[in-house]
Participant: 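Right, I'll just put the structure down here and ask away after.
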Amino acid sequence: MNYALVDGRKIAARPGLKGQCPVCGSEVSTKCGEIRVWHWAHTRRRACDPWWENETPWHRAWKDAFPVDWQEIVHRAETDEKHVADIKTERGWVIEFQHSHLAAGERGAREDFYERMVWVVDGRRRKRDWTQFERAIKEGSRYLERPAVWLVWIDESALLKEWAESRVHVFFDFGFTDLHCMLPGSADGRAAIMIASKEDFIESHIRGTYDFSCRADFKRSKTIDPLYQAYGFQRYLARKACSRARSRF
Ligand SMILES: [Zn+2]
């Protein structure tokens, strides 16, 4: 964690501080070495939030693109289960930055817990990921011009296979100015990938205009195909398959 409570105030990690864990309330102290990013850690070993992953500079850079007040927010479910959301926006969107591999069951549990959430996935953890992903796009078909959306074969890429079942937006960050967003609702072995600039993504959350219901509401691209909106991805593909079948006879 970058933040803990010191005398009730949210304070970033710097050398020599002691504070209180915002999740479990026990004592934390700062670790400010040269290898890992400066962070707060429990003074005594403790099972606190099992979902918390060790932060990389990639995590920290993403979180710092948002206001401090939105970073590392304790989210509590009705069952009293508590977890720290990387970002929780004023409009209640949780943004989780995922660097390491996440098992499908774990991913689903987090989507259930946070409900209104999106993933940003580090696409540079494995070298082959961009190579495979780029090939999937090249071999996919262009579905929309604006916003740019491709239909790609999930089997082409390990990353796509790992995230295909997600019920929410998954933004892959390959280190470019654009993010590649997998829209929810893959079907028929294919997924829809939308290109969205990193800047628009951040700004739409900061301005509070990010809107899941229309699936692609960035300032450059107000609409995604009405057919897609009306029917959803799976039904869209089913209709396409039907019309293909009809045209054969
Ligand atoms: Zn704790």
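Residues: numbered from 1 along the sequence shown. All ligand and atom numbering here is 1-based and tracks the order in the structure.
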Participant: Once side chain to side chain contact (heavy atoms under 4.5 Å, CB included) is applied, do any residues pair with Ser100, and if so which ones, sequence neighbours excluded?
Facilitator: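 Side chain to side chain contact (heavy atoms under 4.5 Å, CB included) check on Ser100 returns Glu53, Gln98.
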
Participant: Who else is in the cluster with Val68 when I, L, V, M, F, W and Y are joined by side-chain contacts under 4.5 Å?
Facilitator: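 Cluster partners of Val68: Tyr3.
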
Participant: When the ring centroid of His180 is compared with that of Trp150, is the distance short of 6.0 Å?
Facilitator: no

Participant: Can a side-chain donor-acceptor contact be found between Asp173 and Trp58 if the only test is distance below 3.5 angstrom?
Facilitator: yes

Participant: Starting at CD1 of Ile87, measure out to NZ of Lys63 and round the result to the nearest 0.5 Å.
Facilitator: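 Ile87 atom CD1 to Lys63 atom NZ measures 7.0 Å (nearest 0.5 Å).
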
Participant: Ignoring hydrogens and angles, write down the donor-acceptor pairs under 3.5 Å from the side chains of residues 19-28, residues two or more places apart or on other chains.
Facilitator:
| from | atom 1 | to | atom 2 | distance (Å) |
| --- | --- | --- | --- | --- |
| Gln20 | NE2 | Gly25 | O | 3.3 |
| Glu27 | OE1 | Thr43 | OG1 | 2.9 |

Participant: What is the number of protein N, O or S atoms that sit under 2.8 Å away from the Zn ion (ligand 1)?
Facilitator: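 If we list every protein N, O or S atom nearer than 2.8 Å to the Zn ion (ligand 1), we get 4.
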
